[in-house]
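Hydrogens, waters and symmetry mates play no part in the numbers below; they use all other heavy atoms, side chains included. Sequence lines set the chain letters: A, B, ... in the order given, protein chains first and strands last, and positions in each chain run from 1.
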Amino acid sequence: MLTLKVITENKEEVIRRLAKKRFNGAEIIEQVVELDAKRRALQTTLDANSAEMNNLSKVIGDLFKQGKQAAAADAKTKTAELKETIKTLSVELDSTEKKLNELLVTIPNLPHESVPEGKGAEDNLVERTGGMMPNLPEDAMPHWDLAKKYDLIDFEMGVKITGAGFPVYKGKGARLQRALINFFLDNAREAGYLEVQPPYVVNAASGYGTGQLPDKEDQMYHCQIDDFYLIPTAEVPVTNMYRDVILQESELPVKNTAYSACFRREAGSYGKDVRGLNRLHQFDKVEIVRIDTPEHSYESLTEMVNYVQTLVDKLELPWRILRLCGGDMSFTSAITFDFEVFAAAQKRWLEVSSVSNFESYQANRLKCRFKSEDKKTQLCHTLNGSALALPRIVAALLENNQTPDGILIPKALVPYTGFESI
RNA sequence: GGAGAGAUGGCAGAGUGGUCGAUUGCGGCGGUCUUGAAAACCGUUGUACCGCAAGGUACCAGGGGUUCGAAUCCCUUUCUCUCCGCCA
């Protein structure tokens, strides 16, 4: 969430910048400013009353020690009223802070100045493109047909044992998954990311920390008996490692990478979007996460985008990078670059990565801070990106590399698969 | 799952109703000494909120209660450890 300081000190600017995200903040910002003023006034009077109470208690203690029972009893009667006042004030302060917090979590992050205006996906800017478009015959097969032809993925089996969106990978299909995971992790490690293996289920506090809760609750699978959530991305457990942590500036930037299975309910999806591997309830992804200083975070963002580009280049896929417009960006992001690869049989661009800088928005809720060289404690910036999500990469690889003699594996991946074609 | 013990500052570990935001040790930071380092010695060392400031307030796992006053007493939740059971 945004910090109160930012909101109260730059009210007009905040409202203006929120508009780019198509969020009308005029009214809510006004409420926040009012509640904050109320909160401060309450805090001041509450503190004064508490101070008086503390003094009085000390006095009573002293009187008892000196054996002046009557005077002590007399002083005691005064505390009753104070006690009542303190109770009232702190209840009011609590409810004010709660209301304030409830408002704050409904305000999205401010988009970076370089984020383009726009309503939706059609307004995203193509930042750059690369890779070679394959020349496929007209009867080229989409990946779900190829998966069946070569017996790589059994969607029906997944339906039988779980439900739609939980495919079973088999034979070279399964080995390709394993190869891609190792390929991505090895590349990340070589780029300086520390590999971690996090839990796939998290508690509610972690869900709140990265912002999945409370608003995206229905997108996560929930184990009600234990109140655990299946992670929709490794971002959740990995970023939460830094919840309530004060890092030293010298430790930054923190660079972590993690493979995990990801679980998403994808409520409301339908049609061609969910065909084959295009959208699943369970999929594999390697994630990269960075924690950085405000001064350096945009440099980190550029490094992350460039890093992801090396992956799609090595996989010899046609790709493009989109700079998302204000209307298409996520709630918590300040700036996002999407990577898409072209699946040549479907003739569609498929999103395979999303690289974002959250600035201090996520860190504020996480209470992830760092101590700078001059001993000041301030909020970190957090960033993350997919590097990469597997299913759509597999879809593009299968479709683009199909030949009459089988499906060719990109050279960089062959040491990982152990086979050159399917 | 059953029985018991526990949760205190970066770590270890005192503290069982007021003088405790908290003894002490280690670690960290600054200094003295030294060519430099170590050792020794001296000093310093949590977070948040309110306040122009002086200063004040809150925090001893979380929540509630008793009391003029709670790290300390009571209730409760969560977690950890030990033993037993089960088990990859």
Side-chain angles (χ1 to χ4, degrees), chain A residues 1-9 32-104 197-209 213 222-229 237 240-252 254 261 291 360 363-380:
Chain A
M1 56 194 180
L2 296 175
T3 61
L4 277 172
K5 195 173 154 68
V6 163
I7 294 176
T8 53
E9 288 178 7
V32 166
V33 171
E34 271 172 39
L35 278 171
D36 183 49
K38 186 179 173 190
R39 176 194 131 256
R40 280 151 62 172
L42 283 168
Q43 180 83 60
T44 307
T45 41
L46 175 62
D47 284 0
N49 279 285
S50 301
E52 202 181 335
M53 186 69 159
N54 288 343
N55 274 327
L56 213 48
S57 295
K58 230 171 241 163
V59 169
I60 292 170
D62 288 343
L63 288 173
F64 271 124
K65 265 187 212 156
Q66 294 164 26
K68 299 178 180 167
Q69 307 293 342
D74 192 43
K76 264 200 209 179
T77 59
K78 285 188 209 160
T79 60
E81 197 184 335
L82 258 183
K83 216 174 168 182
E84 197 54 43
T85 311
I86 286 169
K87 181 140 199 171
T88 311
L89 284 171
S90 56
V91 165
E92 206 175 339
L93 181 62
D94 281 353
S95 82
T96 305
E97 277 176 345
K98 190 161 170 258
K99 257 186 253 166
L100 194 51
N101 198 55
E102 278 166 6
L103 286 183
L104 282 175
Q197 198 174 95
Y200 294 176
V201 287
V202 295
N203 55 30
S206 292
Y208 281 101
L213 297 174
H222 185 206
C223 312
Q224 295 192 357
I225 292 178
D226 297 300
D227 196 20
F228 287 153
Y229 294 87
N240 270 284
M241 296 197 304
Y242 303 95
R243 168 155 51 89
D244 294 318
V245 166
I246 300 179
L247 296 153
Q248 294 298 322
E249 184 166 6
S250 57
E251 300 175 80
L252 302 176
V254 165
I291 318 274
S360 62
N364 189 30
R365 203 187 294 196
L366 283 169
K367 294 210 171 56
C368 173
R369 292 162 292 176
F370 73 99
K371 201 163 266 196
S372 56
E373 305 298 353
D374 59 358
K375 310 262 187 201
K376 274 195 161 168
T377 303
Q378 55 179 312
L379 290 170
C380 296

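For A:Ala51, the listed nucleotide lying nearest its side chain is B:G56; candidates were B:G65, B:C49, B:G56. Closest to the A:Gln43 side chain, of the nucleotides B:C50, B:A48, B:G69, is B:C50. Checked against B:C68, B:C50, B:U47, the side chain of A:Thr44 finds its nearest nucleotide in B:C50.
Look at CG on A:Asn55: it is 12 Å from C1' on B:G69, rounded to the nearest Å. Rounded to a whole Å, the CD atom of A:Glu97 is 11 Å from the C1' atom of B:C50. Across the protein-nucleic acid pair, A:Asn49 atom CG and B:C68 atom P stand 18 Å apart, rounded to whole Å. Rounded to an integer number of Å, the gap from A:Asp226 CG to B:U77 P is 16 Å. If you measure from atom CZ of A:Phe64 to atom P of B:C68, you get 9 Å, rounded to the nearest angstrom. We find that CD of A:Glu81 is positioned 14 Å from C1' of B:C68, with the value rounded to whole Å. If you measure from atom CG of A:Asp47 to atom P of B:C59, you get 11 Å, rounded to the nearest angstrom. Here B:C59 presents its P atom at 12 Å from CG of A:Asp94, a figure rounded to the nearest Å.
The phosphate of B:C50 (OP1 or OP2) has a side-chain N or O of A:Arg39 nearer than 4.0 angstrom. Put simply, A:Asn54 has no side-chain N or O that comes within less than 4.0 Å of OP1 or OP2 on B:G69. Distances shown here put every side-chain N or O of A:Arg40 at or beyond 4.0 Å from the OP1 or OP2 atom of B:C49. Taking side-chain N and O atoms only, A:Lys87 has no distance below 4.0 Å to OP1 or OP2 of B:G64. The phosphate of B:U47 has neither OP1 nor OP2 within less than 4.0 Å of any side-chain N or O from A:Arg369.
The minimum heavy-atom distance between A:Ser372 and A:Glu249, with the atom names listed, is CA-OE1, 3.1 Å. Counting all heavy atoms, side chain and backbone alike, A:Ile291 lies closest to A:Tyr242 at CD1-CD1, 3.8 Å. Nearest approach of A:Phe228 to A:Asn203, heavy atoms of both residues: CD2-CA, 4.1 Å. Pairing each heavy atom of A:Met1 with each of A:Asn364, the nearest pair is O-ND2, 2.9 Å.
Comparing the C1' positions of B:G21 and B:U57 gives an interatomic distance of 12 Å, to the nearest angstrom. Across the C1' atoms, B:U67 and B:C74 are found 12 Å apart, a figure rounded to whole Å. Remark: the separation of the P atoms in B:U76 and B:A58 is 27 Å, to the nearest Å. To the nearest whole angstrom, the two C1' atoms, one in B:G28 and one in B:A5, are 33 Å apart. For the C1' atom pair drawn from B:U80 and B:G62, the interatomic distance equals 15 Å after rounding to whole Å. Annotation: B:G9 and B:G18 have their C1' atoms spaced 22 Å apart (nearest Å). Distance check on atom C1': B:A71 versus B:C59 gives 11 Å, rounded to whole Å. If you take atom C1' in B:A7 and the same atom in B:G15, they sit 15 Å apart, rounded to whole Å.
Taking for each of A:Ile60 and A:Asp36 the nucleotide of RNA chain B with the nearest heavy atom, the 5'-most of the two is the partner of A:Asp36. Mapping A:Thr377 and A:Ala80 onto RNA chain B by nearest heavy atom places A:Thr377 closer to the 5' end of the strand.
Note on A:Ser57: a base of the nucleic acid sits closer than 4.0 angstrom, heavy atoms only. As judged by a 4.0 angstrom heavy-atom cut-off over every strand, A:Lys371 is placed among residues touching the sugar-phosphate backbone only. Within the 4.0 angstrom heavy-atom criterion, no nucleotide atom of any strand lies near A:Leu82. Looking at heavy-atom distances under 4.0 Å, A:Asp62 makes no contact with the nucleic acid at all.
Both distances falling under 3.5 Å, in either a Watson-Crick or a G-U wobble arrangement, place B:U82 opposite B:A3. B:C33 makes up no base pair with any nucleotide shown, lacking Watson-Crick or G-U wobble contacts both under 3.5 Å. B:A70 is unpaired under the criterion used here, namely a Watson-Crick or G-U wobble arrangement in which both key atom distances are under 3.5 Å. Pairing for B:G27 is with B:U45, a Watson-Crick or G-U wobble pair whose two hydrogen-bonding atom distances lie under 3.5 Å. Base pairing analysis places B:G9 opposite nothing; no Watson-Crick or G-U wobble pair with both distances below 3.5 Å involves it. For B:G17, there is no paired base (Watson-Crick or G-U wobble, both distances below 3.5 Å). Searching all strands for a Watson-Crick or G-U wobble partner of B:C60 with both distances below 3.5 Å returns nothing.
In the model, A:Glu97 has no side-chain atom that pairs as donor or acceptor with a side-chain atom of A:Asn101 under 3.5 Å. Residues A:Gln66 and A:Lys68 bring a donor and an acceptor atom of their side chains to less than 3.5 Å of each other. Side chain to side chain, A:Ser57 and A:Asn54 fail the donor-acceptor criterion of an N or O pair below 3.5 Å.
Salt bridge present: A:Glu102 and A:Lys98 bring a charged side-chain N and a carboxylate O closer than 4.0 Å.
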